[in-house]
Amino acid sequence: MESKARFLGHPVHQVLIVFPLGLLSTAVIFDLIEIVTDSGKWATMAEYMIAAGIVGGLVAAVFGLIDYLAIPGGTRAKRIGGFHAVGNVIVLALFAGSWYLRLPDSAMPGILARILSFAGFGLAGVTGWLGGELVDRLGVGVSDGANLDAPSSLSHPSAKS
């Protein structure tokens, strides 16, 4: 099933998700470094990563919704896509809660702010796997004519050509 939102022949959602995933994961890494070094600058950087990751996640979600709505009802892909979407909304909510709790003093996030971001990171691993299941196993967002010798997406609008 080809993606309904494409740019230069590639699914927009699959291109965009690397940004929030990377930014939010980096925030967790920065929090861990802050815990080890006791240097508030890492927690402050984590706060910025979270804010950017939330924005990126919301943008990616728009294109994910476009693709989700195109999946035929009653299919395994529709069910998995629903879990993937709801799970990612929860991921963004957990990180948004963490970001909000950091606002009074970004250099000194409380334990709850960290718990929320760590929980969001863990759930993102599950929802990322579900996204992989959608693409790699169920073919959502994959060009209908995809194969090892398909023409370039820049020279042909579809892999069928």
Side-chain angles (χ1 to χ4, degrees), residues 1-36 42-103 106 109-144 146-147 150 153 159:
M1 185 197 112
E2 288 195 11
S3 173
K4 298 304 176 202
R6 302 174 75 76
F7 180 71
L8 297 176
H10 293 281
V12 175
H13 179 70
Q14 293 173 19
V15 171
L16 292 179
I17 58 95
V18 298
F19 295 104
L21 188 58
L23 289 163
L24 297 173
S25 297
T26 301
V28 170
I29 291 167
F30 286 173
D31 270 345
L32 292 171
I33 293 172
E34 190 276 329
I35 290 168
V36 171
W42 293 102
T44 299
M45 288 188 288
E47 180 181 358
Y48 287 112
M49 296 293 107
I50 291 170
I54 291 168
V55 171
L58 292 172
V59 172
V62 170
F63 295 97
L65 179 61
I66 291 168
D67 285 343
Y68 175 75
L69 293 174
I71 298 172
T75 62
R76 181 167 180 262
K78 192 73 162 190
R79 288 188 305 278
I80 297 294
F83 287 123
H84 173 73
V86 169
N88 281 321
V89 168
I90 295 169
V91 166
L92 289 178
L94 289 168
F95 275 103
S98 177
W99 176 77
Y100 178 77
L101 292 172
R102 294 165 189 264
L103 289 177
S106 65
I111 188 71
L112 183 57
R114 288 192 180 122
I115 289 171
L116 291 175
S117 66
F118 294 166
F121 175 76
L123 182 56
V126 173
T127 60
W129 182 88
L130 290 172
E133 186 78 355
L134 285 166
V135 174
D136 297 330
R137 187 69 140 170
L138 301 172
V140 173
V142 176
S143 295
D144 293 334
N147 64 72
S153 59

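Side-chain atoms are counted along with the backbone in the values below, which use heavy atoms only and exclude waters and symmetry mates.
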Would one find more than 12 heavy atoms of other residues, nucleotides or ligands at under 6.0 Å from atom OH of Tyr68? yes
Can you give me the closest heavy-atom contact between [X] and [Y], atom names plus distance?
X: Leu123; Y: Gly87; result: CD2-O, 3.5 Å
X: Ser106; Y: Thr44; result: OG-OG1, 3.1 Å
X: Ile50; Y: Ala27; result: CG1-CB, 3.5 Å
X: Leu21; Y: Ala124; result: CD1-CB, 4.4 Å

State the [atom1]-[atom2] distance between [X] and [Y], to the nearest 0.5 angstrom.
X: Glu34; Y: Arg114; atom1: CD; atom2: CZ; value: 4.5 Å
X: Ser153; Y: Phe7; atom1: OG; atom2: CZ; value: 10.5 Å
X: Trp99; Y: Leu24; atom1: CH2; atom2: CG; value: 13.0 Å
X: His84; Y: Glu133; atom1: NE2; atom2: CD; value: 12.0 Å
X: Ile17; Y: Phe19; atom1: CD1; atom2: CZ; value: 10.0 Å
X: Ile71; Y: Leu134; atom1: CD1; atom2: CG; value: 6.0 Å

Go through the steps to decide whether Leu32 and Phe118 satisfy the test side-chain contact (heavy atoms from CB on, under 4.5 Å), and finish with yes or no. CA-CA 10 Å; Leu32 292 171; Phe118 294 166; 3.9 Å; yes
Answer yes or no: is there a side-chain heavy-atom contact under 4.5 Å between [X] and [Y]?
X: Phe95; Y: Leu92; result: no
X: Phe83; Y: Val126; result: no
X: Asp31; Y: Arg102; result: yes
X: Ile29; Y: Met49; result: no
X: Glu47; Y: Leu103; result: yes

Mark yes or no for whether [X], through its side chain, and [Y], through its backbone, hold a donor-acceptor pair below 3.5 Å.
X: Lys4; Y: Pro11; answer: no
X: Asn88; Y: Val91; answer: no
X: Ser117; Y: Val28; answer: no
X: Ser98; Y: Leu94; answer: no
X: Ser3; Y: Arg6; answer: no

